[in-house]
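To keep things clear, I will list the structure first and then write my remarks on it.
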Protein chains: 2
Amino acid sequence: MSASLPPFPKPQEPTDEPVLLELSAGADEPCLRADAARNRARLLEAATRLVAEHGAAGVTMEAVAAAASVGKGTVFRRFGDRTGLLMALLDHSAQQLQAALLSGPPPLGPGAPPAERLGAFGRAVLRQSVDHLELQLAAQPEPTRRHSFPPQRFLSGHVTLLVRQAVPDADAPLLAQALMGYLDPALVHYLTKDCGMPLERLESGWNDLVERLIRTELP
Amino acid sequence: MSASLPPFPKPQEPTDEPVLLELSAGADEPCLRADAARNRARLLEAATRLVAEHGAAGVTMEAVAAAASVGKGTVFRRFGDRTGLLMALLDHSAQQLQAALLSGPPPLGPGAPPAERLGAFGRAVLRQSVDHLELQLAAQPEPTRRHSFPPQRFLSGHVTLLVRQAVPDADAPLLAQALMGYLDPALVHYLTKDCGMPLERLESGWNDLVERLIRTELP
DNA sequence: CAGTGAAACGGACCGTGGTCCAGTTTTCTT
DNA sequence: AAGAAAACTGGACCACGGTCCGTTTCACTG
């Protein structure tokens, strides 16, 4: 049971090197055999349909494989595990967000003061969370890996940067993690669904949080 | 597949009423049949042994049942699910912490100013987290339920109280959740194990966080 | 000290995530 | 163009979490 060579290469390994600029997922498609690409598309389409029909819980690896007329092993080879498949479904919006952060218009993108960018960032993530809440929750990998997954690292890296700009003498990574914790989909779900808080309250809570953390008044 | 009556009563349901003073778990033992109590003890002992021998991952429901010379159904009847079993293993230290918060000596218990109590609270939870990290991680229920589980609600309720005392005009529950997010075992694991940060850094990060959130200098 | 109903027991059973590998298809090399 | 190497496929297979339900044990009553 000790770590032997993986039976087949995982599509995206948790890398240890800085990932700030790597667009994380989706970059594994370039060299993909014709049939593989075709099947990948079929699988994603099938999964999307299953989500729409039976909710995220209905996305069974076997069901997806069957719906795409493909072997089960293929699903695992392509996406690594269930988490990987779900993440792939979320990938599109994640990439959009990343792009907006890196090169979109202010205040989300570069050009605005850090405090405002942080405010906009929180609102954007909050929105995205409620939009895809079910998937976000289902895609949550086992707790151990949650923070080390590339998209997550990209986001916290981004926040770290902004925090460092706003308060250069603070322990930026730690403050950033505290901020990110507030945006955790599970927390958002709990506060909105179980506690019945409206999204607006979460948003102004975010503003308050940012203001306090960087000791600045947000307009 | 819709919600029918549960096959057998869950040992502790997520209640919706305020739980601030209820000592959460462990209060279900009072009326327990002799054999049930005996088996419960045997199961906990077996589980503890398995954790020591094979790590938390080795705590298989079947293995525990076998090691306790008990049927598998019994394990589920007693603890609801794997999460419940792991939580029961953590219950002792959780209760200790709760007791210390409610009636222990300051600054953890009542009697110190809120800011200092918050500081002590963070250090205590951080310590407890690193002590039982493996179990804490394994016991993490599915994301959806994480925040609604009684022990967690007790802790965030406590923090909410302290925050409200410290900054009466803020949205205390939200600030409290932000603080609690920093103490999430998964985050602690990531920062200490994956990023190699020493516990001391996390602790001073906590102090910094508290100071900023309640806009007060901590001694 | 039976008798009785409720609670606990236990293991067969199921669905799902994940692995493996024998056979096939694609791409590369010469 | 042909053959070999690499990559992909698909379904049989396994382990584990969780459920069901017929059987057994407990604790209370008269």
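Proteins get letters first, then strands, A, B, ... in listed order; numbering begins at 1 in each. What you are looking at is a predicted structure, and each value in this text was computed from that prediction instead of being measured.
The nearest whole Å value for the distance from the CZ atom in B:F79 to the C1' atom in C:dC9 is 15 Å. When the C1' atom of D:dA7 is taken as reference, atom CZ of A:R33 falls 5 Å away, rounded to whole Å. For the pair B:R78 CZ and D:dG18 P, the computed distance is 17 Å after rounding to whole Å. The distance from atom CZ of B:R42 to atom P of C:dA8 is 16 Å, rounded to the nearest whole Å. As a whole-Å value, the separation of A:R77 CZ from D:dC8 P is 6 Å. Rounded to whole Å, the distance from CZ on B:R40 to C1' on C:dA7 is 16 Å. Separating the CG atom of A:N39 from the P atom of C:dT24 is a distance of 18 Å, rounded to the nearest angstrom. What separates CZ of A:R38 from P of D:dA7 is a distance of 19 Å, to the nearest Å.
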Would you tabulate the side-chain donor-acceptor contacts of residues 46-59 of chain A under 3.5 Å, counting partners in other chains and residues two or more places apart, or write 'none'?
from	atom 1	to	atom 2	distance (Å)
A:T48	OG1	A:L44	O	2.7

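Across every non-hydrogen atom of B:Y190 and A:Q177, the tightest pair is CE2-NE2, 4.0 Å.
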What protein N or O atoms touch nucleotides 13-17 of chain C N or O atoms at under 3.5 angstrom, if any, and at what distances?
from	atom 1	to	atom 2	distance (Å)
C:dG17	OP2	A:M61	N	3.1
C:dG17	N7	A:K72	NZ	3.2
C:dG17	O6	A:K72	NZ	3.4

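Side-chain contact between B:H189 and A:H147 is absent, with no heavy-atom pair separated by less than 4.5 Å. When side chains are defined from C-beta on, A:D91 does not count as touching A:M87, because their heavy atoms never get closer than 4.5 Å.
Under 4.0 Å is where a charged nitrogen must lie from a carboxylate oxygen, and between B:D194 and A:R153 no such pair does.
Nucleic acid contact class of A:A34 (heavy atoms, under 4.0 Å, all strands): sugar-phosphate only.
Taking side-chain N and O atoms only, A:T74 has no distance below 4.0 Å to OP1 or OP2 of D:dC8.
Within 6.0 Å of CZ on B:R127 lie no more than 12 heavy atoms contributed by other residues, nucleotides or ligands.
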